[in-house]
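Just so we're on the same page: letters track the sequence lines, and every chain starts at 1.
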Amino acid sequence: MRDVAIIGYGQTKFGELWESSFRDIIVEAGVKAIVDANIDGEDLDAMYVGNMSGGLFVGQEHISSLIADYAGLNPIPCTRVEAACASGSLALRSAYLSVASGHHDVVLAGGVEKMTDVADATAAIATAADQEWESFFGATFPSLYAMMARRYMHEYGLTIEQLSTWSVIAHDNGSKNPYAQFRFKTTLEQVMNASPVAEPLTLMHCSPVSDGAAALIVCDADKAQEFAPKDDIIYIRASTQASDTISLHSRESMTTLNAARGASKKAYKLAGISPDSVDVAEVHDCFAINGLILLEDLGFCKKGEAGKVVGDEEKIRIDYDEFVTVNPSGGLKAAGHALGATGIRQVGELYWQLKGDKNCKDRQANIKNGYGISANVGGTGGTVCVHILSNERK
Amino acid sequence: MVVRTWRHINERYCLIGTRCKTCGRVYFPSRNVCPYCRRKGKLEEYKLNGKGKVYTYSVIHAPPKDFEKIAPYVIAIVELEEGPKITAQLDCDIDEVYIGMPVEAVFRRIKEDGEDGIIDYGYKFKSLEN
Amino acid sequence: MKLGIVGYGSYIPKYRIKVEEIARVWGKDPQSIKKGLIVNEKSVPAPDEDTATIAVEAGRYALKRANINPKDIGALYVGSESHPYAVKPTSSIVAEALGITPDLTAADLEFACKAGTAGIQMCMGLVGSGMVKYGMAIGADTAQGAPGDALEYTAAAGGACYIIGNIKRELIAEINDTYSFTTDTPDFWRREGKPYPKHGGRFTGEPAFFRHVINAAKNLMEKMGTEAKDYDYCVFHQPNGKFYIKAAKSLGFNEEQYKYGLLTPYLGNTYSGAVPLGLSNVLDNGKEGDRILAVSYGSGSGSDAFDITVTSRIEEVVNKAPKTMDLLNKKKYIDYSIYLKYRGGIKI
Ligand SMILES: [Zn+2]
């Protein structure tokens, strides 16, 4: 297997992009990434694009052809990848594997979701859960995570204040991210008193409905030197993925994501590091509880301790030095959650953070060891994809 | 959607799942492959008795279109006596539910495919405490 | 050959609305309505309940009491004037949910408020002739009165199920005989596609309800050679409390005899469920040897009368399922706006 590098990144703003269509945003992100990597479109050997549901959100399947066409990149092969909200990082993983195998040299890994063309995204989002045995009976997507939160509170004594602090920190970080959907700060009271969505979760524990697209340029590590200066090259040290039951109710435990534990354990092994070495993490906080659970499943704290780490001590903040910086972008909560684009955006943030990019100058994490990790979750944890990035090739 | 409704009538009306004769595990909804025994597993139909306890729950305030009329309502994961956990609504007041509450399956309308479409029936659970 | 009831079960939705609440909306005097109809409140089905779900719940309780294999039931009839579908049987839904399928005959019945008792008679015929081992008859309704109409104060929801058999040791109550009285008397009707029924006002009284109930009762008693005093209990159809008590008294029954059968004052009129529910409450309170006269009434019009004797087995089964009064006493009051939302009065 060859070493694989990231040499460029581009994204649209996440949010309600009324003026822009599905094809507008993915082309915008793709062109930005290509320009950022200092390559030409013709240098691409392939494109992989994550998208959860073009069919339900904009009534369009066969988006692979649409994207290649509107990017002006025919006949470069384009492939759509889908695993609900983990679609983006699966596209990256597909790109990674195609380069590592030696089959391709330069590949675009993108993600896109246009969610606001439908008046109510609830039904489409719910298709990430088991349609026959969860959604059919009236379970909404937020309610599944709410049931995880309720169970977590029951098992570990997590308080609503501790949980809500996640959102406060997310908005503090998001306020420093020009691409973020929400740039306003919030307070504990505002989070707890927001309108209830699925108890115990309020609107302010939930990530928003977002339009957005993001794209990375992935390249063989040797060839990367031809395009990019050394400081602009960040290496993918691990790309892993694990599966779990599609239904939440089929799991033995609802306070841990087995797929996240499995994928991250394997990723640490591949990268040859332990969680202590990680400087910055982008974790999938579609709902605040998932952020806390992932801190534990990625090995940053023990089971049941995330409430204290996040809520009482606020160790995940950018300026807290003795702990990993978590979601400097604002995470899904504040930066926005354009489903298929999220996994790419998470890794894009790590790319910027690790190379000290000007785009994150107001929210720069302290990079000591040079490692970043992302965890992108599909559904309620049926698919989890983990990437470890480093500014060192080995 | 008529056919999808019809295909699951046995499971949704009568809580018929499957049991693996090899390892004894009970599955609901039914499976064709036992995830533990795989090819060594031998699955047979198994009727659940409908009794269990609330494992976790949420009160839904932002319902999908099909459930607007009954919101806010309680959704729960119920741990059945035979082992499987299932997602279902609870027929109880929103301030009545707690983790561990004993419940029993009841037969209810779940939703309908518009005013002129098919009516979907299935299980909900009621509290056994009053 | 003896035949009778081997299992019974009832079901009443938990929601109630008071006469005061309905009267408040329409600017009527609640006291005169309550006194005039002898009805204080009525049951309201939850939005996830209908005739099929009520029938299934009642059926499950009946099976618990009967303790028989559901597959031995060879006929199932669901009597109702509020079947969930205009075309598509309720009985097939109920048969599937009770685990009776596929070896049975099933049909939906409609005869205003007496379709449930008509089902009992059909089961008696099939069981008596040996065509089936057991028959199941259910009377259930989620009746609706037009907003503002007098029926709105009484039209309620509930139902009861009876399993009919002829194995002597299994009988909870023997049905000694039955008799029906039927004429074409259009006192109440609902045309196809219309949401609410219409009725003939005071015409529903003497020429309709009273003529049929009293003739059915008298003719059965004449056939049996009995008088009112030979019965421990009686049950009549009960569109309201007033008609019930007047019919009972005119036939010579006293309050001790008719009190258990009368549920309408705190339940309302459950239409096809009315006599089946009233009878279930009598059975809940019955003991060996008790003799019961039950007379239904369905507008349009007809009455089915039954002469029943309770057996010693009643004591074994009565606590195997919820009693009717327990169901009636488990209640939650709602106001008119929630009532309207639940009953489809608000289009969303
Ligand atoms: Zn097995």
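The stretch residues 8-16 of chain B places B:H8, B:E11, B:R12 near chain A, each with some heavy atom under 4.5 Å from a heavy atom of that chain. Taking non-hydrogen atoms and a 4.5 Å limit, the residue list of residues 131-143 of chain A in contact with chain B, ordered by number, reads A:Q131, A:E132, A:W133, A:E134, A:S135, A:F136, A:F137, A:G138, A:A139, A:T140, A:S143. Within residues 145-154 of chain A, the residues approaching chain B closer than 4.5 Å by heavy atoms are, in numerical order, A:A146, A:M147, A:R150, A:R151, A:H154.
Salt bridge absent: B:R109 and B:D120 never bring a charged side-chain N and a carboxylate O closer than 4.0 Å. A salt bridge links A:E296 with A:K303: the closest approach of a Lys/Arg side-chain nitrogen to an acidic carboxylate oxygen falls below 4.0 angstrom. Salt-bridge annotation for B:K53 and B:E79: absent, with no side-chain N of the basic residue lying under 4.0 Å from a carboxylate O of the acidic one. Salt-bridge formation is not detected for the pair B:K65/A:D120: no Lys NZ or Arg NE/NH1/NH2 atom is positioned less than 4.0 Å from an Asp or Glu carboxylate oxygen. We find that A:D285 and A:K333 are not joined by a salt bridge, their nearest charged nitrogen and carboxylate oxygen being 4.0 Å or further apart.
The greatest number of non-hydrogen atom pairs below 4.5 Å with chain A, out of B:T56, B:I110, B:V74, is found for B:T56. Among B:Y73, B:F67, B:Y55, the residue making the largest number of heavy-atom pairs under 4.5 Å with chain A is B:Y55. Between chain A and the options B:Q89, B:H61, B:K124, B:K111, heavy-atom pairs under 4.5 Å are most frequent for B:H61.
Side chain to side chain, A:T186 and A:H171 fail the donor-acceptor criterion of an N or O pair below 3.5 Å. Side-chain contact of A:T256 with A:D297: a donor-acceptor pair under 3.5 Å is present, judged by distance alone. Side chains of B:T18 and B:R31: no donor on one and acceptor on the other come within 3.5 Å. One side chain, A:T255 or A:S253, offers a donor N or O that lies under 3.5 Å from an acceptor on the other.
For A:E155, the part lying near chain B is the side chain, with the backbone staying farther off; criterion is any non-hydrogen pair under 4.5 Å.
Between B:K126 atom NZ and B:R108 atom CZ the span is 8.0 Å, to the nearest 0.5 Å. Distance CZ/A:F287 to OG1/A:T380: 10.5 Å, rounded to 0.5 Å.
Residues passing the side chain to side chain contact (heavy atoms under 4.5 Å, CB included) test with B:A88, sequence neighbours excluded: B:Y123, B:F125.
Residues B:K85 and B:L80 have side chains not in contact (no heavy-atom distance under 4.5 Å, counting atoms from C-beta outward). Considering only heavy atoms from C-beta on, A:L339 stays 4.5 Å or farther from A:S87 through its side chain.
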